[in-house]
Amino acid sequence: MDAQPHTRHPSQFALLGQRRFAPFFWTQFLGAGNDNLFKFAFTVLVTYQVQVSWLPPSLAGLVIGALFILPFLLFSATSGQLADKHDKAQLIRFVKWLEIAIMALAGWGFVAQQVALLLACVFLMGLHSTLFGPVKYAYLPQHLDERELTGGNGMVEMGTFVAILLGNVAGGLLIAVPQAGAQYVAWACFGLAVLGRVTAQYVPASPATDPGLRINWNPFTETWRNLMLARGNVAVFRSILGISWMWFFGAVFLSQFPSFAKDVLHGDEQVASMLLVVFSVGIGVGSLLCETLSRRHVEIGLVPVGAIGMTVFAVDLYFASRGLGGGEAGYTLRGFLAEPAHWRVIADLFLLSLCAGLYSVPMYALIQLRAQPTHRARIIAANNILNALFMIASAVLAGGLIQAGFDIPQVFLVVGLLNAAVGCYIFLLVPEYLLRFVALLASRCIYRFKVRGDEHIPVQGPAILAANHVSFVDAILLMAASPRPIVFIMDHRIFRIPVLGWLFRLAKAIPIAPQKEDPVVYERAFAEAERVLREGELLGIFPEGAITRDGQLQEFRGGIMKILEKQPVPVVPVALQNLWGSFFSRVEQGRAMVRPFRRGMFSRVGLVAGTPLPPEAVTPQGLRQRVAQLLAA
């Protein structure tokens, strides 16, 4: 992590009172709001007020959207390099000066009703956003530690969608003012740009992560290079694909809201606006929930939760919107809300977008946490490129389905089912998502799991986690407490247990057998353990060698010393508390999993991690004594 530890804050909202976050947050909030105020006001202008033969109203929204996205495809690679090479605070201030210049030009375009000039400004504002994108996400891990990263990303995502919503609403209202609307829009856009430059002045220094980088100005070769950089880390690259899919998914719904409101729900323009509000609020709420649900870690177990919800509520939206009718004149907003059947549609949209927030925020945080700091901005630039391509693909797919005779609810259904397929593909390719999901379910739905001392589990670098062995789910609970993946050494017999065996094989756990029973498996386990630590990962071991049959802490075996001889790394003692007597412990005459819900749902269990021990201070007896002390804590 780049960030230094900071005093813990009571919630993610407390970041808004800190200079390392607040000026940056308001700068990106004002920029996102200004983008959307400008674009929506311009769309309304060319749709209702200024008609030009070469830009028919039916194509205005499409052309404006395409021009705004085009710079992301052309210049993201370059902007990623700039963000890695230069101080990010200085880049932010430069981008805000650029925004002021563009908005001054656009203001004249609005007053003079110069459509061609305004289209050029759309492209330039897309360039402005392209330059800001890599800086935006590379800035956070330089100033927030691992425990704050999910909350910080949640705040940024929430702020972005609220700004989009407010920008669209303000743009529509201002441009609609008779006679003076264009002037009001011009002054509003310019004023927001100036205000953004003022807040940018207070963004703290963010030193370059690769100041010696030589800029490759060829966008095509650099784009390819960025994609290859991203592919170097499987979890990061699959997360980029997952985020891009979320933009594909969301773009289908956002682009179809006007037609969905008019042709399916039989509502007026206010109903279409209400759908946008519900969707934006849902994204914001889901983004903010991530910190609470993740217990202030980067919890990618939330990603499958979000993916499942996106599919469930997209499919239910299809069924909820079938057969809805209205009067010939259509529903006003009040009339629409008066119909009970319409509330199911609203609930589906809200919950669908909430799940999209749960899905995307942990992925952004994972990319920031796992990407190599020296080229983090370039990887985020690769993410932006793929996001743009997926959004274009979503427009092609939605248009193709509609041309093929699908109605809008059927388009939503197809995308919802595709989401299930994409989710399965990603989670099987990167099992860490699925494993964290299982750990999340175990720690939240089966047990009431309390974690203490998790700040002692390192967020980077090799280490051994040494824990007592009480039940068949000990490894799963350790996964739930750790901010990073753990590779476990486990008794080879556990791999024969249905479901659990498959799960641990998926986790790439290392089987070990007694040396007398199978010397080949024994030696291979230690060789694999050495490799895991050499590659800088966390290794989880249970030094007792087997699950306790009487609930007492057994003697620790000497295998850990053999590992430390080859790879001298810190050892974190860990105590699992109150698991004896649970369904997964051997409490039934040495057998486990005999009486379901033996202690009911949500029984209290805990984990306490102690201060890491230097390798030279570790002995089996001393480590056992330390774990025993933690058990009693």
Side-chain angles (χ1 to χ4, degrees), residues 61-62 65-66 68-73 76 126 129-130 133 137 157 160-161 164 223 227 230 236-260 275-276 279-280 282-283 286-287 303-315 317-318 348-349 351-364 366-367 379-404 406 408-430 433:
L62 180 63
F68 190 81
I69 290 175
L70 184 58
F72 285 91
L73 297 175
S76 284
S129 296
T130 301
Y137 287 109
E157 289 302 295
T160 299
F161 276 90
I164 289 170
T223 294
L227 291 173
V236 167
F237 187 65
R238 300 301 181 192
S239 297
I240 288 173
L241 291 178
I243 290 170
S244 298
W245 170 256
M246 192 276 292
W247 282 104
F248 179 108
F249 182 91
V252 170
F253 285 84
L254 288 169
S255 65
Q256 297 302 318
F257 278 166
S259 298
F260 182 58
L275 298 180
L276 176 62
F279 195 86
S280 300
I283 288 278
S287 299
V303 175
V305 176
I308 292 168
M310 287 160 67
T311 289
V312 167
F313 296 115
V315 172
L317 181 62
Y318 163 76
D348 281 332
L349 275 177
L351 293 171
L352 179 153
S353 57
L354 183 149
C355 290
L358 294 178
Y359 176 93
S360 63
V361 167
M363 282 192 170
Y364 276 117
L366 178 73
I367 292 170
I379 287 177
I380 291 166
N383 172 64
N384 291 343
I385 293 165
L386 287 178
N387 290 174
L389 290 172
F390 272 63
M391 290 172 71
I392 293 169
S394 76
V396 172
L397 175 70
L401 289 174
I402 290 172
Q403 288 294 321
F406 285 67
I408 293 174
Q410 288 172 335
V411 172
F412 292 165
L413 176 65
V414 168
V415 174
L417 295 176
L418 279 175
N419 181 70
V422 170
C424 290
Y425 172 74
I426 292 175
F427 304 145
L428 289 176
L429 281 179
V430 187
Y433 285 109

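We find the CD1-CD distance between Ile402 and Gln410 to be 10.5 Å, quoted to the nearest 0.5 Å. The line from CG of Leu401 to CD of Gln256 is 9.5 Å long, rounded to the nearest 0.5 Å. Note that CG of Asn387 and CD1 of Ile240 are 8.5 Å apart. Values are rounded to the nearest 0.5 Å. From Tyr433, atom OH reaches atom OG of Ser239 across 2.0 Å, with rounding to the nearest 0.5 Å. With rounding to the nearest 0.5 Å, the separation of OG in Ser360 from CE in Met246 is 4.0 Å. Interatomic distance, Tyr137 OH to Ile379 CD1, rounded to the nearest 0.5 Å: 15.5 Å.
A heavy-atom distance below 4.5 Å is found between the side chains of Phe253 and Leu352. Side-chain contact between Asn384 and Thr130 is absent, with no heavy atoms from C-beta onward closer than 4.5 Å. Considering only heavy atoms from C-beta on, Phe68 comes within 4.5 Å of Ser129 through its side chain. Taking the side chain as every heavy atom from C-beta outward, Val303 and Phe427 approach each other to under 4.5 Å. You'll find the side chain of Leu73 reaches within 4.5 Å of the side chain of Ile392, heavy atoms only. Residues Leu227 and Leu386 meet the side-chain proximity criterion, which asks for heavy atoms closer than 4.5 Å. Inter-residue side-chain proximity for Leu276 and Ile164 is flagged as unmet; no heavy-atom pair is nearer than 4.5 Å.
Across every non-hydrogen atom of Glu157 and Ser287, the tightest pair is CB-OG, 3.3 Å. Residues Gly282 and Ser353 approach most closely at CA-OG, 3.2 Å, considering heavy atoms. Looking at every heavy atom in both residues, Gly416 comes nearest to Ala314 through CA-CB, 3.8 Å. A pairwise comparison of heavy atoms in Ser394 and Val252 identifies CB-CG2, 3.8 Å as the closest pair. Closest of all the heavy-atom pairs between Ser76 and Ala381 is O-CB, 3.0 Å.
Applying side chain to side chain contact (heavy atoms under 4.5 Å, CB included) to Met363 and the options Val236, Ile243, Asn383, Leu241 leaves one that passes, Ile243.
Between Phe412 and Phe260, the ring planes are perpendicular. Angles over 60° get that label, and only those under 30° would be called parallel. In this structure, Phe248 and Trp245 have parallel ring planes: the angle between them is below the 30° cut-off, well short of the 60° mark.
Residues passing the side-chain contact (heavy atoms from CB on, under 4.5 Å) test with Tyr425, sequence neighbours excluded: Arg238, Leu429.
Pairs of residues two or more places apart, or lying in two chains, that qualify as side chain to side chain donor-acceptor pair (under 3.5 Å) and include a residue from residues 305-314 are Thr311-Asn419.
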